[in-house]
Structures are given as C-alpha cells and as structure tokens.
Amino acid sequence: MLKTHHCGELRLEHVGQHVSVAGWVHRRRDQGGLIFLDLRDRSGIVQVRIDEQDQPAAHAAGSSLRSEFVVQVIGTVVARPEGTANPELPTGEVEVVPESVVVLNASKVPPFLVNREDVVDEEAKMRFRYLYLRRPNVQKNIILRHQVVKFIRDYLDERGFVEIETPILFKTTPEGARDFLVPSRLNPGTFYALPQSPQQLKQLLMVAGYERYFQIARCFRDEDLRGNRQPEFTQLDLEMSFVQRDDVMALIEGLMTTMANKFVPEKQLLTRPFQRLTYTEVMEKYGSDKPDLRYDLAAVDVTDIAGKSGFPIFVQNAGEGKPIKAIRVPKMGANSGMQLRKETANLEDLVRTVGAKGLAWMAIPEKEDEEVKGPIGKYFTVDQKLELFARVGIQPGDLVLFTSDQRDIVYAVVDTLRRHLAEKLELADPNVLAFAWVIDFPLFFWSEEEQRWDPSQHMFTMPVPEDVPYLDSDPGKARGSQYDLICNGQEVAGGSIRIHERAVQEKIFPLIGQTMERAKEQFGHMLEAFEYGTPPHGGIASGIDRLIMVLSGETNIREVMAFPKTQNGADLMAGAPSPAEARQLADLFIRVVEPAKKS
RNA sequence: GGAGCUGUGGUGUAGCGGUUAACACACUGCCCUGUCAAGGCAGAGACCGCGGGUUCGAAACCCGUCAGCUCCGCCA
C-alpha cells in the first residue's frame, strides 16, 4: 500500500507517528517559503505543511503541485501550533510534515472546480462524470447509497429473507411500460425484453416455496425521463408468502424507520407510525397520489357554497357536477394590488399548462375594515363569504385560490399549485421525512382510449376481500389491496397482496380486455404455476434511487446515481447509444430503417 | 408527440440594437514562513451553441436547428 493512513482519519493521537498518506491536491496555499497543502482522499482532508528551510526537496516538489494532482506524502504527524488549529476540519488539530512529496500522477486543469460545490453545467457534469463524482458532496451520496443497500441486505437477512437473482434477459409483456428489447442471435427474429421489474419471477419464487425473497434489482423501462425517473433504475424488490397487507407494511415501515434513524438522525419523521391515507382522501385534498405532506396547502371542497354565489362559471360548473375547490395560501394576500395581480397571473399561466381554463382568487385584507380584493369577491354575499372563510379556515392576509373543472383537471391544478407554492414560499422543511401510506386504490381505472378497464397497479393485484363481488357488478368500485409508501412528494415504494387463486384471476382478464386465449399466450406460465399449490403471498418494491434522493435531500435522481443518462437517454461521457457495426447487425438479423425526416 | 426555460473566456454570471463584451472564481508568472474560500502585484484567455434573416449596425430582434434542463403526454 502506498498509504498507511487515510487523510481524514489523522488526529492528535497520531502525533509523532511516521505516516504515508496519498490522495488528490484539494488546495494549495503557497506563501513562498511555506506551502500548505490540503490533501484529500475519500475519507477527508488533511493539511500538509512544507517548510522551505527544513524540507527543501519536498518544498520544490510542493511548488510544482496543482489542483487534482495525485500525490503521496511520507512524513510525520505533528500537532499544529497554538492558535492555528482549524475547528472546521476533523483533522484540524494536526498536520503532516513531509520528508518526501511524490507526484504519482499530474492532472490537467479540470473543466470545473472539483474542490467546490459550485453549480456546474449539466453537460459538463455528464461528460466529465468521473470528475463530478470526485466531489466530496457527490461521493457522500454514492457512499450513502452503498450503506443503505448494505443495511437493507442485513435487515432482510436477519428476518429470514433470501436474496435471489432473476434474469435480465426475459420475456416481453404487453402490459405496462415500453420494453427495452434485446435481439436473440440464436433465435433469429425473436427478442428478449429487459425486466420492468421482477414481478412475475418473484411470484413464481413464492410458488417455489422460498417464502421470503428479496433482490436489489435493476429495472428497465423505455419511457421518457424525468427529474426522478431514469430508464434504468434500482429497486428493492421483495415478496413474502402467508402474509396479509399489514405484514408487508409493518416490515417496510420498520425498515424505513430504522434506516432513517441510522443514516439521517437529524431528520424527523413526520408521524410514527406512518399515517395511512386513502387514495380518495389524498386526491381530494392534495390532487396527487403522492403528495408532499411536509406542508398543508390542502384543497377544500367549496362546491356547495361557491355554486350558490353569483359567479357564473362556478354556478354552471356546480350544476354540471364539477367540483369547486379552494386553497388557502397564508400571508400571500397581504401583497400590494399590483404584486397580487402579477402573482395570480403567473399562477394562472402555470395552471393552464395542466389544462385549467383560468384561476379565480380572493385576497383577504389584513385589516378588518378593508374590502376583499380579487375579481370574484363581488359575486359572493357577505354571508357566503363568511361561510366560505369558516370552511377554508381563512385568516387575515391570506390569498385564496379557486379552481373548478372536470375532477381530473382540478386534481392536476391542486397538485401543481401546491408544488409551485411550496417551493416559492419554502414551505417544505428539509429536515422532515413525511412518510405515509396510501391505501385503498381503485383496482382499475377506466381507459377512455381503450374503452376498457386498466389495472391501476398490475393484473395480479388482489381486490380487498370485501370488494371481490364488485368484479362482477361494478368493477370501478373495487379497491385493490395495494399500498404505496410516499415520502416528501415521491412514491418510494408500492406493492400489493397478489391473486393466488385462478378463479379470481380469470375474472380480471376479461375486464382488462384480455381474452383467455391471449392471457394464456402471455401469462400461461403464471396461470399454470398457480395450479400447483400457490401460497397466499404479497410483496412490495421500493425505488432505491428515490429513497436516496429523499434521504440526501437531493431534488434530482442524477445526483444519487453514479452514471445517469440525460433527458434524451444519452451517456455523454461514453457516447451511448451509438450505431452498431454492420457485422453486428447481420449476426442479429437486424436491418436499420432510417427514421422519416421531418419536412 | 407537445409546452416552457437556458446556451456569452475553463466555470458561474452581467450585458438585451452602437460597449476596447464587464465581473467573480479558476488559470499563468512574480512577491510572500501560519495559511486553511490565504493575500498582494502583473498577465493570458470569448469571433457571445450552430445556420439563415431583419437592420447602416446583432451577443442582443425574427426564423430554423442542435444540446442541456423542467413539465405535460407516457411511466401496470
């Protein structure tokens, strides 16, 4: 080894020891006859002091050092003189006095500063990924990720889970996301699909009697990227036999709580045990099935009151059964008239992007004797206003936003406004983890496009027991035994109890537009397996990347992945994807068709 | 497939119709023996993403295009 110690571990107790440390030049402070060097490795930073008088050779070497050079320093640990310790640094009470300073490798001037946390152009981050990953704050995220995954493995191992790998080359399925396909050379014209999740395989492992399975599983979905979505990502995937919904939820809740306490003890859990909210509840209040519960900004239904006002749009919408919802924004109504008009115009532009036709508002004055501001105040009688204010919990100085439209648009508006306002007003406490369960999802959503029911999770989700009769009478009313875990506005896990009886499964297929013949083609292996003694089972999958985002407080998934892709799905460092050689294509019996040029 | 934002020395930004294109950090050289975002002095470095157009004149205005980002659709 070229090093006897890591830079960040040297303390007063090492004083007098002869050590060898090696790492990168974090900073160099050259005062002529005296050079201070901050040497950095993964463990941290230690100061090296090179005195021209005492160590002329080392001093000469030190003078030539530049940022990000890789050097080895052999020398003695000494206590810093009185008054020169640096309390900011864990190693701040000591420094290394070198006998020799050896450049192991020089470095070009990096394209951005590695020794600062400055914002960097996203393209540069990607193109020089290895340099971005060298930044201490990024290393922290990547190492946290390792520790969390190790914790999960240990936690589940202690509870009798077996980690089992499942194939990356598997079978395409018609349901769900678009598959990444891999051509088969040995079977011309046929394709494997990369797994969207090991869903089917883990259920088959339950049939196989493993009882408790888990996997840190890479998953692939060929859909457009988002700030919290990459085409390949990692899930903690698990499945348990002989369990009911609460068993799976309790396991995950224990895991998440222990993990949060262990890795981010400074962050408070919003509630313990995690609160359980129904799908209907979160949609009506927050317009989202994964609301950020660190702040309120909840929507209140005021259809009855506003529908009786004189505002024609509200009256008409209420008559057509469209909801009218109000959101109270504390303090924002106290702005000047001009600011208010500007703000509300911005908000109106924002909600138009999700399909709203407009945005009504009222600003409540801080002084009692002033009039309510805003375009719709005049349509409400004094009594209606009082009733409204009581319902919504209005305080002086508040701004109240109103939205009314088809229900799904109202939801989108509420969600969009909440996210936007929370960010603008800095309402989300970064030191809170707002874990919550969302339960009682509808088993199906009606697809207008396809004119049929679509499973809201997947086709193997068991209905809650008392809703099984709805499968025949009113499928839209059936709730699934699904549970999602949300935290700070992210869905961090989702699972369900599965159907293990063929009779129930056979009721599902026709509802989602699958004939039995087609179902047998696609899922014959599953149906067949279920006839050989299938235990009741259920499970859950948790997005590791999103979990690390939430724990580290990052707002983008790229910050917690070592080598992520751009929004176009490209790797700017390696230049993937790239065209294949003609020879490779020939081996695979693949011919490339040039995409049609836009005229 | 659609909407929006951004693109100016290596990095982050300013400039938004006429500027020797400004500033900070980084970089180079010199000075400096207790610094730790070291300091001081001097200096180099940008045809303003690319292609058209408007104009006497474009970094700036218009059109197109490329790239990055955010969002909608999509993501069981």
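Since the model is a prediction, treat every value here as computed from it, not as a measurement. A, B, ... follow the sequence lines: proteins, then strands. Residue 1 opens every chain.
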Does [N] have a Watson-Crick or wobble partner in any strand here, with both distances under 3.5 angstrom, and which is it?
N	value
rG7(B)	rC66(B)
rC27(B)	rG43(B)
rA22(B)	rU13(B)
rC61(B)	rG53(B)
rG34(B)	none

May I ask you to evaluate whether [X] reaches the phosphate of [N], defined as a side-chain N or O under 4.0 Å from OP1 or OP2?
X	N	result
Arg29(A)	rA38(B)	yes
Thr353(A)	rC71(B)	no
Asn568(A)	rG68(B)	yes
Asn556(A)	rU70(B)	yes
Arg558(A)	rU70(B)	yes
Arg127(A)	rA67(B)	no

Whole-Å gap separating [atom2] ([N]) and [atom1] ([X]):
X	N	atom1	atom2	value
Leu350(A)	rC5(B)	CG	P	13 Å
Asn228(A)	rC71(B)	CG	P	7 Å
Phe233(A)	rC75(B)	CZ	P	13 Å
Asn115(A)	rC36(B)	CG	C1'	12 Å
Arg178(A)	rG1(B)	CZ	P	10 Å
Asn86(A)	rA38(B)	CG	C1'	12 Å
His26(A)	rU35(B)	NE2	P	18 Å
Leu39(A)	rC36(B)	CG	P	19 Å

Between [Y] and [X], is there a side-chain donor-acceptor contact under 3.5 Å, judged purely by atom types and distance?
X	Y	answer
Tyr286(A)	Asp292(A)	no
Tyr132(A)	Glu559(A)	yes
Gln490(A)	Asn228(A)	yes

Classify the nucleic acid contact of [X] as base, sugar-phosphate or nothing, counting any heavy atom under 4.0 Å across all strands shown.
X	answer
Gln199(A)	base
Ala541(A)	nothing
Ser456(A)	sugar-phosphate
Leu572(A)	sugar-phosphate

Between the side chains of [Y] and [X], is the shortest nitrogen-to-carboxylate-oxygen separation below 4.0 Å, so that they form an ion pair?
X	Y	value
Glu423(A)	Arg419(A)	no
Glu491(A)	Lys290(A)	no
Asp405(A)	Lys357(A)	yes
Arg518(A)	Glu521(A)	yes
Arg245(A)	Asp440(A)	yes

Which whole number of Å gives the distance between the [atom1] atom of [N] and that of [M]?
N	M	atom1	value
rG4(B)	rC41(B)	C1'	47 Å
rG52(B)	rA46(B)	P	22 Å
rU8(B)	rG51(B)	P	15 Å
rA60(B)	rG53(B)	P	14 Å
rA42(B)	rC50(B)	P	33 Å
rU55(B)	rG12(B)	C1'	33 Å
rG10(B)	rA26(B)	C1'	7 Å
rA37(B)	rG29(B)	C1'	22 Å

Show the distances under 3.5 angstrom between N or O atoms of the protein and N or O atoms of nucleotides 12-14 of chain B.
residue : atom : partner   : partner atom : Å
rG12(B) : OP1  : Asp121(A) : N            : 2.7

Looking at residues at least two apart in the chain, or sitting in another chain, which of them share a ring pair (Phe, Tyr, Trp, His ring centres under 6.0 Å) with Phe214(A)?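 With sequence neighbours excluded, Phe214(A) shows a ring pair (Phe, Tyr, Trp, His ring centres under 6.0 Å) to no residue whatsoever.
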Can a donor-acceptor pair under 3.5 Å be found between the side-chain atoms of [X] and the base atoms of [N]?
X	N	answer
Arg226(A)	rG73(B)	yes
Arg27(A)	rC36(B)	no
Arg221(A)	rC74(B)	no

Pairwise 5' ranking along RNA chain B for Val109(A) and Gly92(A), keeping only the more 5' one: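 The residue mapped nearer the 5' terminus is Val109(A).
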Nearest-nucleotide wise, let me know which of Asp415(A) and Arg28(A) is further upstream toward the 5' end of RNA chain B.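 Whichever sits nearer the 5' end wins; that is Arg28(A).
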Quick one, give me the B/S/- string for nucleotides 29-34 of chain B, reading 5' to 3', where B means a protein heavy atom under 4.0 Å from the base and S means that only happens at the primed atoms, P, OP1 or OP2. S--BBB
Can you name the side chain to side chain contact (heavy atoms under 4.5 Å, CB included) partners of Thr353(A), sequence neighbours left out?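 Partners of Thr353(A) under the side chain to side chain contact (heavy atoms under 4.5 Å, CB included) test: none.
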With sequence neighbours excluded, tell me which residues meet salt bridge (charged side-chain N to carboxylate O under 4.0 Å, His left out) with Glu9(A).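 Applying salt bridge (charged side-chain N to carboxylate O under 4.0 Å, His left out) to Glu9(A) gives none.
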Identify which nucleotide among rC36(B), rG73(B), rG68(B) has an atom closest to any side-chain atom of Ala570(A), counting heavy atoms from C-beta outward.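 Of all the options, the side chain of Ala570(A) is nearest to rG68(B).
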Show every salt bridge (Lys or Arg N to Asp or Glu O under 4.0 Å) that has at least one partner inside residues 35-46 of chain A, sequence neighbours left out.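 As it turns out, the salt bridge (Lys or Arg N to Asp or Glu O under 4.0 Å) pairs with a partner in residues 35-46 of chain A, which skip direct neighbours, are Lys3(A)-Asp41(A), Arg29(A)-Asp38(A), Arg40(A)-Glu68(A).
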Donor-acceptor pair, Gln505(A) side chain versus Met459(A) backbone, under 3.5 Å?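 Side chain of Gln505(A) to backbone of Met459(A), a donor-acceptor pair under 3.5 Å: yes, one is there.
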